[in-house]
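A short worksheet on the structure shown next.
Reminder, nothing fancy here: chain letters follow the sequence lines and each chain counts from 1.
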Amino acid sequence: MRIRLLRSTSRLNSNPYSSLPPSASSPPHPLPPLCMKKLKQTHARLIRDGGVGDTLTAGKLLADVVAFGPSNLGYARAIFSSIKPPLNTFIWNSMIRGLAHGSSPADAVALYNKMLAEGYSPNNYTFPFVLTACANLVDAAATPGLGLAVHGTLLRRGFEDFDPYIQTALVNFYANSGSIDTARHLFDRCRRRDVALWNALIRGYAQSCRFSEAVQVFRRMQDDSDRIRGDEITTLSVVSACAHLGALDLGRWIHSYIGKNQMRLTVNLGTALINMYAKCGEIEAAFSMFDEMPHKDVRTWSVMIGGLAIHGHAREALLLFTEMKTMGVTPDSVTFTGVLSACSHAGLVREGLRILEEMKTIHGVSPTIEHYGCAVDLLGRAGRLEKALELIKGIPMDLDVVLWGALLIACRAHRNLEMGEMAAKEMLQLDPQNAGALVFLSNAYASVGRWDKVEETRETMKERRIQKPPGSSSVEVGGIVHEFTSGDPSHPEMNQIYAMLDEISRLRSAQEPRHVAGAVSFDMDEEDKEQCLAQHSEKLALAFGLLKTRPGTTVRIIKNLRICEDCHSVMKLASEAFGRTVIVRDRARFHHFRRGSCSCGDYW
DNA sequence: GTAGGGTTAG
């Protein structure tokens, strides 16, 4: 399958949207910087006329400035500190509000504490602001104490039970602080639930990577007696959850729900849907939607480029990147992650390195550790391990686990034990609990018969109580997502699944006699080889999908780890033998298996 | 006079 970008390439130098009606679009950037200028003029006039000395007037000015967003925080602070006491609650609230959305939300909490210390009384407006600040703290999960104290204060003052804004802010705070179950508890206790409260919980689950529960909450919202209708924000969160889950049927349903409820297909929604289709394996649907969007912002382009990248359509991703720039859209840090990952999945080493270089020199976007990670991945996959290591050594910032992890994966793929061992040790220095590094070491030592080292590594894992990440795969059959875990026999139809696996294995030995089930030459996959290869979760999902869908139907599998060589070849075989398209999304990318071969060209 | 919920990558 090729993405047909011919229309796109031929329109590189023209604006294809000029002929389209603007009705289905959002207005482009509505920010009016001129008004800020007007506010400053008002301020000047107030100073001249002496009106700024009036607390009420100064408060209004402050609130207006804050409403413009965090870019004017310095100015807001100056106004705030020029107001002579006694202040009123409105002024405190406005300043806390401004700080809560700024780069240092801790300042908002500090100001709130100062307000209390000086004997001012917070009101029902104060708490949503300060709770938002607590939720926005850089590491909200590590410092829940501030928000908990705010919660205590508002309870003591009798606020919790009647104000929906405070309740929503609380749910949001707990969800952001890693306590989604507490958030749920509060939600369940609320008697009147409006759409924002539902949204806070849905997003909370999504943010905690509990996507199925996010979807469940959305379904419950549909059935709720209050008959609350979802809005754009609800839809954005749910579509995003579908993308993570790979739940195509549900995603399509939401798409039609948008139509049925006469919701406007805004740039944001369109972008979320494009992302959903791409992440659910429907790259062509994603592309045609992209093509039809009359207005696109940087996210729309980034999502499409990233989507093409994970499907291995690197050339198309690069073409789109060029087109984006031609259209005057400035690429950002996320765009470059997509572009670099496109290069990486297709082995376009030279292009990738050039783009990494040009990020800074031409586009003024400083590479982050993630971009370097992509570059290490790019070199590593292509087998240029020494060059990857050299790149790592030249990185002008603190190295992280992900970066060494990229090298580790490359070492695993290219059987470089020595460098892999080094990378794993670096990872363990940064994160002693890193399961991936320890599993690698254990498998790698086993592969060369270093049983003493194997034993030592396993002991370490036991001592540190590290669990191997279980491989799990899901397959959607009739709108229901079935999940399988490696070696877990608990599925009620396991006998049939095993029978199907046996059949595949017979087909296989007939075709490739050297591949007797379970025999592998080199023992360095992501999953532990103690578990029989035959029971890798994607094989269970494949067997189930083949059994439960009509002949000719595409089988779609989502897997949490990278697919191993053995499973990859089984998928190829099954696509041929059963005449099926099998689409597997693993941790890194998509594999489309058709007629015995894979879209990745065995490069992954 | 002021408020809560937002999509993209790794």
Side-chain angles (χ1 to χ4, degrees), chain A residues 55-57 59-64 66-67 88-98 100-101 123-132 135 163-173 175-176 183 187 190 193-204 206-207 228 230-244 266-276 278-279 296-307 309-310 331-342 344 368-377 400-403 405-406 587-589:
Chain A
T55 314
L56 293 181
T57 312
K60 181 79 178 85
L61 180 70
L62 175 65
D64 287 347
V66 161
N88 59 35
T89 303
F90 178 65
I91 291 171
W92 286 105
N93 288 351
S94 298
M95 196 63 231
I96 292 169
R97 173 192 177 194
H101 295 282
N123 63 13
N124 53 319
Y125 289 92
T126 316
F127 293 109
F129 293 141
V130 69
L131 285 168
T132 300
D163 191 316
Y165 287 89
I166 291 177
Q167 293 181 335
T168 305
L170 278 170
V171 167
N172 185 47
F173 159 70
N176 261 16
F187 174 92
C190 293
R193 299 173 186 142
D194 63 8
V195 67
L197 185 63
W198 284 99
N199 289 346
L201 189 67
I202 291 171
R203 197 206 71 107
Q207 215 225 346
I228 302 284
D231 62 7
E232 184 183 357
I233 295 173
T234 324
T235 318
L236 281 172
S237 301
V238 180
V239 171
S240 157
C242 290
H244 281 278
T266 58
V267 175
N268 286 342
L269 263 183
T271 303
L273 285 169
I274 291 168
N275 180 50
M276 184 276 294
K279 294 285 166 57
K296 306 172 170 75
D297 65 9
V298 62
R299 287 180 177 206
T300 320
W301 289 93
S302 301
V303 156
M304 195 63 241
I305 290 171
I310 50 171
D332 68 6
S333 175
V334 178
T335 320
F336 283 105
T337 310
V339 174
L340 289 171
S341 99
S344 164
T368 64
I369 195 83
E370 286 83 9
H371 297 111
Y372 287 115
C374 287
V376 169
D377 193 48
D400 71 359
V401 179
V402 183
L403 196 84
R587 219 167 88 137
R589 61 166 296 155

Among [options], which nucleotide has an atom closest to any side-chain atom of [X]?
| X | options | answer |
| --- | --- | --- |
| A/T337 | B/dG5, B/dG1, B/dA9 | B/dA9 |
| A/N88 | B/dG5, B/dT2, B/dG1 | B/dG1 |
| A/F129 | B/dG4, B/dA9, B/dG6 | B/dG4 |
| A/P128 | B/dG6, B/dT8, B/dA3 | B/dA3 |
| A/K60 | B/dG5, B/dG1, B/dT8 | B/dG1 |
| A/R97 | B/dG10, B/dG5, B/dT2 | B/dT2 |
| A/A196 | B/dG5, B/dT2, B/dT8 | B/dG5 |
| A/E232 | B/dG1, B/dG6, B/dT2 | B/dG6 |
| A/Y165 | B/dG4, B/dA9, B/dG5 | B/dG4 |
| A/V195 | B/dG6, B/dG5, B/dG1 | B/dG5 |

Within the 4.0 Å heavy-atom criterion, would you say [X] contacts the bases, only the backbone, or no part of the nucleic acid?
| X | answer |
| --- | --- |
| A/N93 | base |
| A/N124 | base |
| A/V334 | base |
| A/G59 | base |
| A/T132 | sugar-phosphate |

Just to confirm, is there a sub-4.0 Å distance from OP1 or OP2 of [N] to any side-chain nitrogen or oxygen of [X]?
| X | N | answer |
| --- | --- | --- |
| A/S240 | B/dT8 | yes |
| A/H101 | B/dT2 | no |
| A/N172 | B/dG5 | yes |

[N] [atom2] sits how many Å from [X] [atom1], rounded?
| X | N | atom1 | atom2 | result |
| --- | --- | --- | --- | --- |
| A/D332 | B/dT8 | CG | P | 13 Å |
| A/L201 | B/dG4 | CG | P | 18 Å |
| A/I369 | B/dG10 | CD1 | P | 16 Å |
| A/E370 | B/dG10 | CD | P | 10 Å |
| A/M304 | B/dT8 | CE | P | 15 Å |
| A/L56 | B/dT2 | CG | C1' | 14 Å |
| A/L170 | B/dG5 | CG | C1' | 14 Å |
| A/Y125 | B/dG4 | OH | P | 11 Å |

Practice task
Answer with yes or no whether A/D163 presents, from its side chain, a donor or acceptor under 3.5 Å of a partner atom in the base of B/dG4.
Solution key: no

Practice task
Check whether the side chain of A/N199 and the base of B/dG6 form a donor-acceptor pair under 3.5 Å.
Solution key: no

Problem - Donor-acceptor contact present, side-chain A/T168 to main-chain A/P164, <3.5 Å - result: yes

Handout entry: Residue pair A/L170 / A/Q167, side-chain heavy-atom distance below 4.5 Å
Key = no

Exercise for the section: State, with a plain yes or no, whether a side-chain heavy atom of A/N172 is found less than 4.5 Å away from one of A/L131. Expected result: no

Handout entry: A/W198: ring pair (Phe, Tyr, Trp, His ring centres under 6.0 Å) partners, not counting sequence neighbours
Key = A/F187

Fill in the blank from the handout: Tightest non-hydrogen contact, residues A/D332 and A/S302, listed as OD1-OG, 4.0 Å

Problem - Nearest atoms (heavy-atom pairs only) where A/N176 meets A/A135 - result: ND2-O, 2.9 Å

Exercise for the section: Quick one: list whatever passes side chain to side chain contact (heavy atoms under 4.5 Å, CB included) with A/S344, sequence neighbours left out. Expected result: A/D377, A/L378, A/R381

